[in-house]
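This report refers to the structure that appears directly beneath it.
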2 protein chains.
Amino acid sequence: MRKILLNAFNMNSVGHIAHGLWRHPRDNSVDYTNIEYWTDLAKLLEKGMFDGVFMADVIGINDVYGSSPEAACEKAVQVPINDPMLIVSAMAAVTNNLGFGVTSNLTYESPYLLARRFSTLDHLTKGRVGWNVVTGYLDSAARGLGLTQQIEHSRRYDMADDYMDCVYKLWERSWEDGSVLRNRETGVFADTTKVHTIEHSGPFVKMSAAHLCEPSPQRTPVLYQAGSSPRGQAFAGKHAECVFITGRTPSDTAKLVADIRNAAAAADRNPRGIRVFLGVVVIVGKTNAEAHEKLEEYKRYASPEGGLVHLCSSTGIDYSKYDLDEPITFSKTESMVSVVEALTTRNAGQQWTVRKLLKQMEIGCRMAPIVGDPMEVADALETWVREADVDGFNLIRTVTPESFADFVELVVPELQNRGVYKTEYAHGTLREKLFDDGAYLPSDHVGSRFHN
Amino acid sequence: MRKILLNAFNMNSVGHIAHGLWRHPRDNSVDYTNIEYWTDLAKLLEKGMFDGVFMADVIGINDVYGSSPEAACEKAVQVPINDPMLIVSAMAAVTNNLGFGVTSNLTYESPYLLARRFSTLDHLTKGRVGWNVVTGYLDSAARGLGLTQQIEHSRRYDMADDYMDCVYKLWERSWEDGSVLRNRETGVFADTTKVHTIEHSGPFVKMSAAHLCEPSPQRTPVLYQAGSSPRGQAFAGKHAECVFITGRTPSDTAKLVADIRNAAAAADRNPRGIRVFLGVVVIVGKTNAEAHEKLEEYKRYASPEGGLVHLCSSTGIDYSKYDLDEPITFSKTESMVSVVEALTTRNAGQQWTVRKLLKQMEIGCRMAPIVGDPMEVADALETWVREADVDGFNLIRTVTPESFADFVELVVPELQNRGVYKTEYAHGTLREKLFDDGAYLPSDHVGSRFHN
């Protein structure tokens, strides 16, 4: 069996997914503004040999609930939210192997400057950076950028395809291998015959400039993607090296994973060249009873209402307009299709009401937690890998940093004993660690065609 | 006498101002891509009780020389250049008092996202961040952003005024003092009656959103500005708390400093509420002879040609078109007026040629270095403070980190012995340290009017 990959899923905010748990006496997520919060976390994760910390991000406020930002602000549902990119160098300085997947929305940033940001981080981390490519999903973000509403879903992905071509050119083609000489004798820093101005004139993105940065260890950062709409899957099939998904049961999820691998094959790529990470909530104790006690304790602080506020944005539906037991009517807008499908198709026959949704979110989110002793948790994770064909997990935080520390202390040794988890880090960049191949994009990836 | 303020002037690049010195055997500026380069520097500067590291930045390539980016690339004249903002958290993690002035160009970034970046850094550094507000000066930057040329100079400043109003609203007004409760008992993170959506509808900038971040220690970062054109000075008079200038003699420079303080007075501010930093190159030895030996040694590695490539962009003139002894005709475009004035008015009667310019740039830039033993250097610095009324210095790097280390070892103790330099850091945020006043913008600053 191949080794299970592992990311810690986090956000530069108080509330991420399991809402309300910042209230827990042992939770320190309100300290997200402190640098030590992040450096301590990075050291803990590297001790547990996590492949990476995966930093989610969202621009805008979850203001669908009650058509107002109030509920999100009051309950800290992904707001306030600081920039995830700016914590990376501090975490990199205290680690040697941990990867950093950073979410960055391409809709509102120029490729010229975004490419520089990721090259800078790839240099500083010695090739440990990934980019989670998102196009946003909140109208409130668009209003923050001076638009009245966000750009339509499939058009955002068309823009994103164009944008990716532009950044591939900057990262792969502008400075050739061997362009940087650093020759102190001759005073020639770069061989200018190998530094090229990038001309890009796509339907959405236009530019003419050389990349501002010399080649970084990976050139293009490891590309993550999480869109699971049909258009999002096609985008992932073409561009993503790692995909983040959610799912409620292994059998339901197997189809989604197959779809993602098929999308890669449709883009003439090795379907196994995409690493699929499943988001999981794990509550582990030394014994099953201890784990369940912990779950019950967590529930006392969790905020199902916070979860509902979040879900409103994820599904585009304002549940504040429903009575507790009124049947909910879902409309499948394309961008929301995956979440709504998870609620409808995959829970066939279920007539949803707000009461049922709240009941399902006892730990502050809709994820069904894996609860048990280390063997039970390891069994569950192995089942997911075997039955759903996922490559690894994005571990969602509950009480922080306790949930990560528990996993490192209890689950990691069990997985190691079973031979399904690394006992030392592989050498090289994040891409080399994840794929046991080169530091640059593989030859079947569209971005590699831009490398000269 | 008030205490002399001190910044280390740097850039996330190989060549900054004194070009060619990366060739020196003891110079490590080619290691700018390594995180240790920055954390070691930060520790050195804090040991020397520097007020801050001032990170310059430029977007685009100095491609006026020969109408081509080649010379700049070959000689590493501010290219390659990585993002300065992304190194801050690593440096902040290894220091407690050092400030971080970060250059960021507002022309190509949305206020919504730029405000979040600075708030994030202000949180992570516990209030040690400043923003050097620039509007850019290279057409090559504009082309990288998909424009054919940059926006006209005075229009850029009109945009900048509008932009500043918008970010002041985000930083000062969106989350009131007392809005963040973090109440674990009630589950109320924020008092939403004190969190406000910012509506900004200026001539250039439009947005409608709450700031994404809770109030940081300083709210608005300490504002730096370096524009010395008339329009730039008016902008600085209104917004800047620290101004960075260059000058060749104290008497010439006294007028510029008076102009800046008058611009502050014209904006109804305390003229002494602006801290003026003069850029200086210092080459110090234990003895005068040792210092001059060092100067001669540095000159052997410096690149006057690199300095000329840089000067082409600063003056908008392509000197590659001139023969060595051909008289140079300067045209005073408004954005270049200060540099050209320094070359013409302030060197009245001098008929410039390329040969003379190159001769003046023996250490790779036009700055006349202060060369001597610690007493001589301290004398020169005190003379600048007394005669030109500057508040402190931006120490320009030559051989790196040697030039900073020499200053810390030799000059700092001498200044301390004279009672003109701090012997311990003041408490509090960067603003409190610099002004011995509050953490927020002072009441006579335009930005403070947005604070509710």
Side-chain angles (χ1 to χ4, degrees), chain A residues 12 14 20 22-23 25 30 33 35 39 59-61 69-70 73-76 79-83 85-90 92-94 108-110 112-113 116-117 119-121 123-124 140 143-146 182 184 187-190 192 195 197 205-210 212-214 216 303, chain B residues 12 14 20 22-23 25 30 33 35 39 59-61 69-70 73-76 79-83 85-90 92-94 108-110 112-113 116-117 119-121 123-124 140 143-146 182 184 187-190 192 195 197 205-210 212-214 216 303:
Chain A
N12 201 344
V14 176
W22 64 270
R23 299 174 58 191
V30 295
T33 56
I35 215 161
T39 50
I59 299 170
I61 295 182
E70 280 192 24
C73 280
E74 179 179 304
K75 296 175 195 307
V79 64
I81 181 162
N82 284 350
D83 190 304
M85 200 173 255
L86 297 168
I87 56 176
V88 171
S89 71
V94 297
Y108 307 118
E109 304 270 3
S110 75
Y112 188 44
L113 299 179
R116 181 167 80 138
R117 290 197 174 101
S119 293
T120 301
L121 288 183
H123 277 299
L124 292 172
S140 59
R143 291 194 299 271
L145 277 297
R182 298 181 176 213
R184 292 184 195 236
V188 176
F189 180 83
T192 60
V195 181
T197 297
V205 177
K206 295 183 201 315
M207 71 163 298
S208 168
L212 291 166
C213 309
E214 58 180 297
S216 67
S303 171
Chain B
N12 200 344
V14 175
W22 63 271
R23 300 174 58 190
V30 297
T33 56
I35 215 160
T39 50
I59 298 171
I61 296 181
E70 280 191 25
C73 280
E74 179 178 303
K75 297 177 195 305
V79 65
I81 181 163
N82 284 349
D83 190 304
M85 201 173 254
L86 295 168
I87 56 176
V88 171
S89 71
V94 298
Y108 306 118
E109 305 269 2
S110 74
Y112 188 44
L113 298 180
R116 182 168 79 138
R117 291 196 174 100
S119 293
T120 301
L121 288 182
H123 277 298
L124 291 172
S140 58
R143 291 195 297 273
L145 277 297
R182 301 183 175 210
R184 293 185 194 234
V188 176
F189 180 84
T192 59
V195 181
T197 297
V205 176
K206 292 182 203 316
M207 72 164 297
S208 168
L212 290 166
C213 309
E214 59 181 297
S216 67
S303 171

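In what follows, every chain begins at residue 1, and chains take the letters A, B, ... in the order their sequences are listed. Only this structure's heavy atoms are used, side chains among them; waters, hydrogens and symmetry mates stay out.
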B/Gly144 to A/Tyr112 - nearest heavy-atom pair and separation:
O-CB, 3.2 Å

Pairs of heavy atoms under 4.5 Å with chain A: top-ranked of B/Leu145, B/Val94, B/Ile61
B/Leu145

Top contributor to chain A contacts, counting heavy-atom pairs under 4.5 Å, from B/Ile87, B/Val188, B/Leu212:
B/Leu212

Would you mind checking which part of B/Leu113 comes under 4.5 Å of any heavy atom in chain A, side chain (CB onward), backbone (N, CA, C, O), both or neither?
side chain

Would you mind telling me which of A/Ala210, A/Gly187, A/Ala93 has the largest number of heavy-atom pairs within less than 4.5 Å of chain B?
A/Gly187

In terms of heavy-atom pairs under 4.5 Å with chain B, the winner among A/Cys213, A/Ser140, A/Ala209, A/Ser119 is A/Cys213

Between B/Lys206, B/Glu74, B/Lys75, B/Met207, who has the most heavy-atom pairs with chain A when the cutoff is under 4.5 Å?
B/Glu74

Best-contacting candidate, B/Leu121, B/Val79, B/Val205, B/Asn12, against chain A by heavy atom pairs under 4.5 angstrom:
B/Leu121

If I measure from the heavy atoms of chain B, does A/Val195 come under 4.5 Å with its side chain, its backbone, both, or neither?
side chain

Closest-packed option against chain A by number of heavy-atom pairs under 4.5 Å, given B/Ser110, B/Gly60, B/Pro69
B/Gly60

One option among B/Glu214, B/Arg184, B/Met85 has the most heavy-atom pairs under 4.5 Å with chain A, and it is B/Arg184

Measure A/Ser303 against the heavy atoms of chain B and call it side chain, backbone, both or neither at under 4.5 Å.
neither

Please tell me if the side chains of A/Arg143 and B/Thr197 come closer than 4.5 Å, counting only heavy atoms from C-beta onward.
no

Go through the atoms of A/Leu86 and report whether side chain, backbone, both or neither lie under 4.5 Å from a heavy atom of chain B.
both

Residue selection (most heavy-atom pairs with chain B, distance under 4.5 Å) from A/Arg117, A/Glu109, A/Glu70
A/Arg117

Check whether any side-chain N or O of A/Arg116 sits under 3.5 Å from a backbone N or O of B/Asn82 as a donor-acceptor pair, and report yes or no.
yes

Is the closest side-chain heavy-atom distance between B/Val88 and B/Leu124 below 4.5 Å?
no

Given heavy-atom pairs under 4.5 angstrom as the criterion, report whether the side chain, backbone, both or neither of A/Val14 touches chain B.
side chain

